[in-house]
There are 2 protein chains.
Amino acid sequence: MPTTPQTTIHHDHDTCVSGALTRAEALCASRGTKLTPIRRQVLELVWSGHRPRGAYAILDDMKVDGKRVAPLTVYRALDFLVENGLVHRLESLNAYIGCPSPDHAHPGQFLVCRDCGDAIELNDQRVSAAIADSARARGFQIDRPTVEVRGLCPVCQNRPHPSHSPADTERPEARQPVTRQKAES
Amino acid sequence: MPTTPQTTIHHDHDTCVSGALTRAEALCASRGTKLTPIRRQVLELVWSGHRPRGAYAILDDMKVDGKRVAPLTVYRALDFLVENGLVHRLESLNAYIGCPSPDHAHPGQFLVCRDCGDAIELNDQRVSAAIADSARARGFQIDRPTVEVRGLCPVCQNRPHPSHSPADTERPEARQPVTRQKAES
DNA sequence: CGCGGTGTTGTTATATGATTACATATCCCC
DNA sequence: GGGGATATGTAATCATATAACAACACCGCG
């Protein structure tokens, strides 16, 4: 019985997260922007769980020595991370997820699983091109295309009954940020 | 100086709304679902303004004989309307807009203007096909694709300075449901 | 008719998401 | 070391959405 908590293959999550942090630091250094301790911590928490997380879920983990930081602190850090392409915002979930390739421009296309809540990032040129064409034909000037496809990921298709979130077993705080979906168990 | 409040050409809005309501009634009748007075009123309010509206903007108009209905009342009606394809939810705006062709399946592709807040519905087969291919290649089973392209509509491109929402002049309650954007006036 | 099921609405409270306004601190350049 | 830009702290508030439970209304059926 597979209890694979991730949609992708098993991986060394610690390495995965630390790699993202290292890349982020290098990128910020090269751009002259500052990855402050707060921003770094928020980035780490976005990556923890390896799936979309809501701002308040991150906030809950930000309690440092019993002191809960203000929502604004988290939002400001998230704004910075999004602007620098280190994190994507998932509009349909009101949640945030770490970007695996922050070094180049990324249109932001996602396959969002309605069961496990994971989001697989795409980078499909055909989709981008088709959207660009369609917009151009209507004289619409694109800022930022958003593609978020809701459905069922391969792993969850093979799970007999969705229940809730299997990844909760991995990290207790990694609860579903997905509020839009209706439980259909 | 063009003060055209709509992105599309001028139209008889009353006819447009009443047509949508008539179509909705016919559709519900044929499906055996009930378009109750509340749902009908919410649908009408979604259509009023002919642009995306937030749930609470609709709620504000639902004050009947001085009595303000509860948010849940509106949300339940919106859920019904969305499930029946009469209304689309715009994830990136947390807003709702009437669907002009509710009788057939619709992927929900929109060009969302960051200035006037209007949303132009697309139905681009190439976009749908590219998304479907990409998802299939990853074994992802699609429920509902969401494409919301943020940018500047043709009308607003020709407006010297965005300011805020020109359509406010038409209906005082049609204020911007757009909270995501940063004013850049 | 009266029973019971399904579906709709009402009521209250609360969770979650995001921003405004203002004060304070910190870093870096000159 | 002054001064501007950037970053953080604090408090309040707005906006979006759901939970839990009660009541009612409609409908088919015995």
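Side chains are part of it too, since the values below use all heavy atoms of this structure and drop only hydrogens, waters and symmetry mates. Each chain gets a letter, A, B and so on, in the order its sequence line appears, and its residues count up from 1.
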**Request:** To the nearest Å, give me how far apart CG (B/D60) and P (D/dA15) are.
**Result:** 9 Å
**Prompt:** Rounded to the Å, how far apart are A/L78 CG and C/dT19 C1'?
**Reply:** 14 Å
**Message:** Could you tell me how far apart B/K34 (NZ) and D/dC26 (P) are, to the nearest whole angstrom?
**Reply:** 9 Å
**Asked** Does B/R89 put a side-chain nitrogen or oxygen below 4.0 Å from OP1 or OP2 of D/dT16?
**Response** no
**Asked** Just by distance, do the side chain of B/E148 and the backbone of B/E91 share a donor-acceptor pair under 3.5 Å?
**Response** yes
**Asked** According to a strict under-4.0 Å criterion, is B/N94 in side-chain N/O contact with OP1 or OP2 of D/dA17?
**Response** yes
**Item:** Main-chain N/O of A/L86 paired to A/N84 side chain as donor or acceptor, under 3.5 Å
**Value:** no
**Request:** Kindly say whether, by distance alone, the side chain of A/R76 makes a donor-acceptor pair under 3.5 Å with the base of D/dG9?
**Result:** yes
**Asked** Is the distance from OP1 or OP2 of D/dT16 to the nearest side-chain N or O of B/Y56 less than 4.0 Å?
**Response** no
**Request:** Take the protein atom CG of A/L93 and the nucleotide atom P of D/dT18, then report the distance between them rounded to whole Å.
**Result:** 12 Å
**Message:** Measure CZ/A/R68 against C1'/C/dT16 and give the value in whole Å, please.
**Reply:** 11 Å
**Asked** What's the CG-P distance between A/L59 and D/dG9, to the nearest Å?
**Response** 12 Å
**Message:** Check the phosphate of D/dA7 against A/T36, side-chain N and O only, distance under 4.0 Å to OP1 or OP2. Yes or no?
**Reply:** no
**Prompt:** Does B/R39 place a side-chain N or O at less than 4.0 Å from the phosphate oxygens OP1/OP2 of C/dT8?
**Reply:** yes
**Message:** Could you tell me how far apart A/N84 (CG) and D/dA7 (P) are, to the nearest whole angstrom?
**Reply:** 10 Å
**Min side-chain heavy-atom separation B/V87-B/C99 under 4.5 Å** = no
**Message:** Whole angstroms only, please: what is the CG-C1' distance between A/L35 and C/dC27?
**Reply:** 16 Å
**Item:** Straight-line distance of A/Y75 OH to A/L59 CG, nearest 0.5 Å
**Value:** 8.0 Å
**Fill in**
Heavy-atom nearest nucleotide on DNA chain C taken for B/I38 and for B/P71; more 5' hit belongs to B/I38
**Message:** Measuring from the side chain of B/Y75 (C-beta onward, heavy atoms only), which nucleotide among D/dA20, D/dA17, D/dA11 has the closest atom?
**Reply:** D/dA17
**Prompt:** Can a salt bridge be assigned to the pair B/D133 and B/R136 using a cut-off of 4.0 Å between side-chain N and carboxylate O?
**Reply:** yes
**Request:** Report yes if at least one side-chain N or O of A/Y96 is closer than 4.0 Å to OP1 or OP2 of C/dA18; otherwise report no.
**Result:** yes
